[in-house]
Chemist: 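Here it is: the structure, laid out below.
Quantities reported herein were computed from a predicted structural model and do not represent experimental measurements. Heavy-atom basis, side chains included; hydrogens, waters and symmetry copies ignored.
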Amino acid sequence: MDEKEMYYLDFDKLFENFADKYYSEHESEYESPDDFARDLDLVYSIWATSPQEALGGIAPAAFFDNIPKDELIDILKGSCAGDGNPSSLLFDRIAEEHSLLGELCMLARESSDEKLLTVTLSLIAELGGGENEFYLDMLDRTDVDSCVKDMCIEMLCTRAEEVKSVLLCRAEKTDDVGMIELYAEVLSYCASGDDKILNLLVTLLHLDPNTAYVAGLIGRYGDDRATKYLYPLLDSCDYATFIEVRNSIEELGGTVDDKYRDFSDDPLYALLKGKNK
């Protein structure tokens, strides 16, 4: 096997074999397999720095350290192909190369594979994150999974004020409730008091069937003017939604009496109260 073929070995399996052997040799030192599981990070470190026959006598960490920088992106793509998964050592190696940030962003823009995108976005975040435009464009793509968009949302939420005007503009130009949800998720992290954000959240409250979710966004946003739109919802919602709406009202400084409504016929209420007996 030449060196490039070694790039695509199943390193997780190599470590699993090493860990099994290590446990067999040190079993007397552990009271149970659970005790050994708590030592896995240490065992992994031992494996990563120990010469391995499958790598021609090179330690895994040294093997990845020796890979030329200009080959790392291709190896990442190959490692994510099919049932394969990239080694954490490959991840760590790429994360040391800040100059690869641009190539990783380009890779993410060109790919729609969930596994590759998830790993790539994690690496981009590890290297400090891409530009705002990168995440905004990823958010609007129709060919990527929700978990990928969630990763972009997570990054944008830390930059909410920077992208506020762009998201408000995009929200005005779409009637896709799902997309408005994503925009609102980020905007809920902005400083409260913006009329446009408040109006967007209130509009979404009437458009989105997931009332509890939107109420949570409103509570997070923190504009107490929204309480007048939340109180009426308490009169007709189920118990699960009632809890979320009540929590949001209280976050905004309002109050809701514990005996506001009788939920004795609500299945969730009955289940929760039954468990509390």
Chemist: Between S248 and A215, is there a donor-acceptor pair closer than 3.5 Å when you use the side chain of the first and the backbone of the second?
Modeler: yes

Chemist: Ring centres of F11 and F64 under 6.0 Å apart?
Modeler: yes

Chemist: Just by modelled atom types, is the A191 backbone N or O under 3.5 Å from a matching donor or acceptor in the E161 side chain?
Modeler: yes

Chemist: Show the nearest heavy-atom pair for residues T49 and A59, with the distance to one decimal.
Modeler: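 Residues T49 and A59, closest heavy atoms: C-CB, 3.6 Å.
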
Chemist: I'd like to know if the side chain of R170 reaches the main chain of S165, judged simply by a donor and an acceptor atom lying under 3.5 Å from each other, with no hydrogens or angles considered.
Modeler: no

Chemist: Do D238 and Y269 pass the side-chain hydrogen bond (donor to acceptor under 3.5 Å, both in side chains) test, and can you show the C-alpha distance, the side-chain angles, and the key distance before you say yes or no?
Modeler: CA-CA 9 Å; D238 59 23; Y269 180 86; over 6 Å; no

Chemist: For the pair F15 and S87, evaluate side-chain contact (heavy atoms from CB on, under 4.5 Å) and give the outcome as yes or no after the intermediate values.
Modeler: CA-CA 10 Å; F15 170 64; S87 166; over 6 Å; no

Chemist: Hey, is R141 close enough to D143 for a salt bridge, meaning N to O under 4.0 Å?
Modeler: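 The answer is yes: the pair qualifies as a salt bridge.
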
Chemist: Identify the heavy atoms of Y183 and T174 that sit nearest to each other, and give their distance.
Modeler: CE1-CG2, 4.2 Å

Chemist: What's the spacing between E103 CD and D70 CG if we round to 0.5 Å?
Modeler: 8.5 Å

Chemist: Under the side-chain contact (heavy atoms from CB on, under 4.5 Å) rule, what do V214 and T211 come out as? Steps first, then yes or no, please.
Modeler: CA-CA 5 Å; V214 182; T211 304; over 6 Å; no

Chemist: Below 4.5 Å, heavy atoms only, C-beta onward: do K196 and N199 meet side chain to side chain?
Modeler: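 Contact flag for K196/N199 side chains = no.
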
Chemist: Atom CD of residue position E25 - does it have more than 12 heavy atoms of other residues, nucleotides or ligands inside 6.0 Å?
Modeler: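 More than 12 heavy atoms, drawn from other residues, nucleotides or ligands, come within 6.0 Å of this atom.
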
Chemist: Are any non-hydrogen side-chain atoms of D208 and E181 less than 4.5 angstrom apart?
Modeler: yes

Chemist: Would you say the side chain of M155 lies within less than 4.5 Å of the side chain of M151, judging by non-hydrogen atoms?
Modeler: no

Chemist: Verify whether one side chain among E154 and Y135 offers a donor that lies under 3.5 Å from an acceptor in the other.
Modeler: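 Not at all, the side chains of E154 and Y135 share no donor-acceptor pair under 3.5 Å.
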
Chemist: So does D175 have more than 12 non-hydrogen atoms from other groups sitting under 6.0 Å from CG?
Modeler: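 For D175, atom CG is not crowded (no more than 12 foreign heavy atoms under 6.0 Å).
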
Chemist: Classify the ring geometry of H206 against Y229: parallel below 30°, tilted from 30° to 60°, perpendicular beyond 60°.
Modeler: perpendicular

Chemist: Do the ring centers of F63 and Y7 come within less than 6.0 Å of each other?
Modeler: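 Yes, ring centres under 6.0 Å apart.
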
Chemist: What do the steps show when you test Y260 against Y231 for side-chain contact (heavy atoms from CB on, under 4.5 Å), and what is the final call?
Modeler: CA-CA 11 Å; Y260 186 87; Y231 274 115; 5.7 Å; no

Chemist: Please check if the number of heavy atoms outside E96 that lie under 6.0 Å from its CD is greater than 12.
Modeler: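 Atom CD in E96 is packed in, count exceeds 12.
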
Chemist: So which heavy atom on T118 is nearest to which on C147, and how close?
Modeler: OG1-SG, 4.4 Å

Chemist: Is the backbone N or O of S50 less than 3.5 Å from a side-chain atom of Q52, with the two atoms forming a donor-acceptor pair by type?
Modeler: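 Yes; at least one donor-acceptor contact below 3.5 Å.
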
Chemist: Going by atom types only, do Y189 and T158 share a side-chain donor-acceptor pair under 3.5 Å?
Modeler: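 Absent: no donor and acceptor within the cut-off.
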
Chemist: Heavy atoms, side chains only, cut-off 4.5 Å: are I73 and L104 in contact?
Modeler: yes

Chemist: For a side-chain hydrogen bond (donor to acceptor under 3.5 Å, both in side chains) check, start with the C-alpha distance between D34 and S32, then their side-chain angles and the critical distance, and finish with the verdict.
Modeler: CA-CA 5 Å; D34 287 341; S32 71; 4.7 Å; no

Chemist: Please check if atom CD in E29 has more than 12 non-hydrogen atoms from other residues, nucleotides or ligands closer than 6.0 Å.
Modeler: yes

Chemist: Tell me, yes or no, whether the heavy-atom count around N66 atom CG, taken from other residues, nucleotides or ligands under 6.0 Å, exceeds 12.
Modeler: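 Above 12, so yes.
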
Chemist: Do M106 and V148 land in one hydrophobic cluster if side-chain heavy atoms of ILVMFWY residues count as linked below 4.5 Å?
Modeler: no

Chemist: What are the two closest heavy atoms between L55 and P60, and how far apart are they?
Modeler: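 Heavy atoms only, the tightest pair is CD1-CA, 3.6 Å.
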
Chemist: How many angstroms lie between atom OG of S188 and atom CZ of R220, to the nearest 0.5 angstrom?
Modeler: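 The CZ atom of R220 is 4.0 Å from OG of S188, to the nearest 0.5 Å.
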
Chemist: Ignoring hydrogens, what is the shortest heavy-atom contact between L187 and L200? Give both atom names and the distance.
Modeler: CD1-CD2, 3.4 Å

Chemist: Going through the distances and angles, do L101 and H98 end up as a side-chain contact (heavy atoms from CB on, under 4.5 Å)?
Modeler: CA-CA 6 Å; L101 179 58; H98 193 274; 4.2 Å; yes

Chemist: Linking I/L/V/M/F/W/Y whenever any side-chain heavy atoms sit under 4.5 Å apart, do I46 and L89 land together?
Modeler: yes

Chemist: Are any non-hydrogen side-chain atoms of I153 and L139 less than 4.5 angstrom apart?
Modeler: yes

Chemist: With L100 as reference, evaluate L107, L123, I94, I124 under the side chain to side chain contact (heavy atoms under 4.5 Å, CB included) test and give the passing residue.
Modeler: I94

Chemist: Is Y239 reaching over with its side chain to a backbone N or O of D265, donor-acceptor style, under 3.5 angstrom?
Modeler: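 Absent.
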
Chemist: Considering all heavy atoms of both residues, which atom of S111 and which atom of L117 are nearest to each other, and what is their separation?
Modeler: O-CD1, 3.5 Å

Chemist: May I ask you to decide whether D194 forms a salt bridge with K164, counting only side-chain N to carboxylate O separations under 4.0 Å?
Modeler: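 Looking at D194 and K164, the cut-off is met.
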
Chemist: I'd like to know whether D235 forms a salt bridge (Lys or Arg N to Asp or Glu O under 4.0 Å) with R261, so could you lay out the CA-CA distance, the side-chain angles of the two residues, the decisive distance to 0.1 Å, and finally the verdict.
Modeler: CA-CA 8 Å; D235 296 328; R261 280 177 58 195; over 6 Å; no

Chemist: What is the distance from atom CG of L230 to atom SG of C237, rounded to the nearest 0.5 Å?
Modeler: 10.5 Å

Chemist: Roughly how far, to the nearest 0.5 Å, is CG of L76 from OG1 of T120?
Modeler: 5.0 Å

Chemist: Judged by atom type as modelled, is there a donor-acceptor pair below 3.5 Å linking the side chain of K115 to the main-chain atoms of G84?
Modeler: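 Side chain of K115 to backbone of G84: a pair is present.
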
Chemist: Would you call the rings of Y30 and Y23 parallel, tilted or perpendicular, where under 30° means parallel and over 60° means perpendicular?
Modeler: tilted

Chemist: Does a side-chain heavy-atom distance below 4.5 Å link V119 with C80?
Modeler: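 With C-beta onward as the side chain, the pair touches.
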
Chemist: What is the distance from atom CE of M138 to atom CG of L156, rounded to the nearest 0.5 Å?
Modeler: 11.0 Å

Chemist: Below 4.5 Å, heavy atoms only, C-beta onward: do K149 and M179 meet side chain to side chain?
Modeler: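 Result yes, sub-4.5 Å side-chain heavy-atom pair found.
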
Chemist: Could you grab the distance from atom CD1 of I218 to atom CG of L198, nearest 0.5 Å is fine?
Modeler: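 Answer for the CD1-CG pair, I218 versus L198, is 7.5 Å.
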
Chemist: Looking at V43, L40, D39, which one forms a side chain to side chain contact (heavy atoms under 4.5 Å, CB included) with Y22?
Modeler: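 Output: one option passes, namely V43.
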
Chemist: Would a 4.5 Å heavy-atom cut-off, applied to side chains only, mark Y213 and L205 as touching?
Modeler: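 No. Closest side-chain heavy atoms not under 4.5 Å.
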
